[in-house]
Every structure is written in structure tokens, then in C-alpha cells.
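Here is the structure we will look at.
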2 protein chains.
Amino acid sequence: MTRKPLVRFRMRITTGDVIAIGPGKVELLEAIDRTGSITSAAASLGMSYRRAWLLLDTLNRALRGPAVDSARGGDQGGGSALTDAGRELVALYRHVESTAASACRRDIERLLGLLAR
Amino acid sequence: MTRKPLVRFRMRITTGDVIAIGPGKVELLEAIDRTGSITSAAASLGMSYRRAWLLLDTLNRALRGPAVDSARGGDQGGGSALTDAGRELVALYRHVESTAASACRRDIERLLGLLAR
DNA sequence: CAACGATATGTTCGTTCGGATATAACGCTC
DNA sequence: GAGCGTTATATCCGAACGAACATATCGTTG
């Protein structure tokens, strides 16, 4: 079986030494949008709750306004949802990814040709 | 003074769990091309020789052929230089970066607008 | 008010990563 | 052959990272 090289653009935006926006946080936001809570989003990504929470904390503080609205309480009392800014962030990020990938398709194929099979 | 968010595309190519090609390795290759040795390339990047060597080792084994030609010996006896494959890799990588950046300029500006100043 | 489930936060521990250091082998110059 | 500078490699140690676990707190439901 040949190893299959995975190619992807990973865009990061840095403020000082902190990674404000990156692929991990975007994926987490999408999972929260799907599941409605940090807990189940983290579980669905195989990530600890603590790690998810720290990522969100970093993100929310790097933005003008939070990307996620969170409320405590169980039995439908609490949970988390994306804000408008959060949704815009995800959309922009994914759009950049696909735009970049299609603009560079040929070069990427040549790069893959350099790799061992 | 406002924090200046640094934006850049970071493309990585992965074979299995190993990062074969990434921004760090490309930067190192460029430094070797400039300086003619792993030692001075690492120093110019503020990187330990060990780290540089490990990066090159990983890279060379992930490619069909090595990206760097190395020879032992001092007093002009040894040193390292990029192979044709190495030079092609750097050129492709940088071209992809600039292509992607210019194709996504508008989206990136909108992304930056979401960040705290 | 009791139970449940979610956020919020601290602590502990193992793993990984990289820096620092040491050493060997080697090739050119003088 | 001595000296220098380079590649190549091993070992040790500290920092950073993330998982696991433990609580505390809160809001809704019944």
C-alpha cells in the first residue's frame, strides 16, 4: 500500500506569539456549530474538553468580539453557539482554503512528484 | 503601538504522521543555499545544528532523492548545497505561497477585520 | 428542591520537542 | 601531519503540551 501524501493549506494568523486563528480552531468552531456544545464538539473531534475550552478562550480574546456564545446549565439550559463573527470567520477561512488550493493545483501536483512513493 | 497581526499561508505536506514539507524546512533550505553549510544556516536562523540536521534528515527521506548534498570536512572541504530537486522544491513552495496570498487578498483583509486591534 | 448536563478552572502526570553538550569521523589547507 | 571546520550522532535535561482527573458553578427540567 502506497502512503498517500495529504496536502493542505494551513493558514495561521498570529498576534505576537499567540496563534489567533488556525485550522484546529476552525474545525472546533464547525463542530460546535454542528453539536451545540463544547463538550460534544470536543468529543466528536477526539479532543479533551479542556483543550477545546483553551482554544476557544484564546480565540475569543484575540477577536474583537467572541466567536462563540456560551451558557452554563444542563437540560437544554446551556450550551454554545457560534456568533455571527464566528460564522463569518469559518466561512472566510474555508473559502480561502479552497481558493488557494484551486489556484495552486498544478504546482502542488509537481510538489507531490518530488515525494517518495 | 498596535500589535501587527502576521498573516501567512503555511502549507504542509504530510506522509502518514510525518510532516515532509513545511515552512520551516523550506526556510532552512534557503538558508543553506545562502550560506553553503548546515552549521551556518542553522546559526543564521537561530536554530540548533541538531534541529536543522533532523529536519533535513526527515526531508531527505521523504523525497525521492535528497534535497541537500552534504560533505564532511572543513577548510572548504565540506559543506552542503541544494540539489536540483531541493531548488525546485523551494521554488515551487514559494510560488504556491505567493499565488495563494494574492488570490485570497480580499478574504484575508476581511479576516483581519475580525481581530482585536 | 433535586437531578442533570453544561461551562469554567485547577492540578497532576507522562510524552514530546528542542537546546545544550560531547564526541567521532572526515576532508581540505598549510 | 597538525589544525580547522564541517557533517553525523548520542546523551542529558528542561520546557511545553496535552490527557486525565477533579471540582465548582450554573440554568433548566421535572
Phosphate contact (C:dT7 OP1 or OP2) by A:S80 side-chain N/O below 4.0 Å: yes
Can you check the A:L54 CG to D:dA20 P distance for me, whole Å? 15 Å
Nearest whole angstrom, please: distance from the C1' of D:dT9 to the CG of B:L56. 14 Å
Output the rounded distance in Å from CG (A:D57) to C1' (C:dA8). 10 Å
Those residues at least two apart in sequence (or on a different chain) that pass salt bridge (charged side-chain N to carboxylate O under 4.0 Å, His left out) with A:D69 are none
Rounded interatomic separation in angstrom, taking OH from B:Y49 and P from D:dA10: 13 Å
If a pair satisfies side-chain hydrogen bond (donor to acceptor under 3.5 Å, both in side chains) and one of its residues is in residues 95-108 of chain B, list it, with sequence neighbours excluded. A:H95-B:D107, A:D107-B:H95, B:R94-B:E97
Atom CZ of A:R72 and atom C1' of D:dT28 are separated, to the nearest Å, by 15 Å
Which atoms of nucleotides 16-19 of chain D (N or O only) lie under 3.5 Å from a protein N or O atom, and what are those distances?
unit_1 : atom_1 : unit_2 : atom_2 : d
D:dG18 : OP1    : A:R51  : NH1    : 3.3
D:dA19 : OP2    : A:S48  : OG     : 3.0

As a test of reading the structure: which of C:dT9, C:dT7, D:dT7 is closest to the side chain of A:W53, going by heavy atoms? C:dT9
Contacts of type salt bridge (charged side-chain N to carboxylate O under 4.0 Å, His left out), residue B:R87, not counting sequence neighbours: B:D33
Applying side chain to side chain donor-acceptor pair (under 3.5 Å), name anything that partners B:E109, two or more places apart in sequence or on another chain. none
Output a table of nitrogen or oxygen pairs between the protein and nucleotides 28-30 of chain C separated by less than 3.5 Å.
unit_1 : atom_1 : unit_2 : atom_2 : d
C:dT29 : O4'    : B:D75  : OD2    : 3.4

Residue set satisfying salt bridge (charged side-chain N to carboxylate O under 4.0 Å, His left out) with B:R110, at least two apart, ordered chain then number -> A:E88
On a heavy-atom basis, which atom in A:G113 and which in B:R64 lie closest, and how many Å separate them? O-CD, 3.2 Å
The side chain of A:I38 is closest to which nucleotide in this list: C:dA8, D:dT6, D:dA8? C:dA8
Under the side-chain contact (heavy atoms from CB on, under 4.5 Å) test, residues paired with B:A52 that sit two or more places apart: B:L28, B:I38, B:A42, B:M47
Output all residues satisfying side chain to side chain donor-acceptor pair (under 3.5 Å) with A:S70, sequence neighbours left out; order by chain, then residue number. A:S80
Taking only side-chain nitrogens and oxygens of A:T39, does any of them come within less than 4.0 Å of OP1 or OP2 of C:dT7? yes
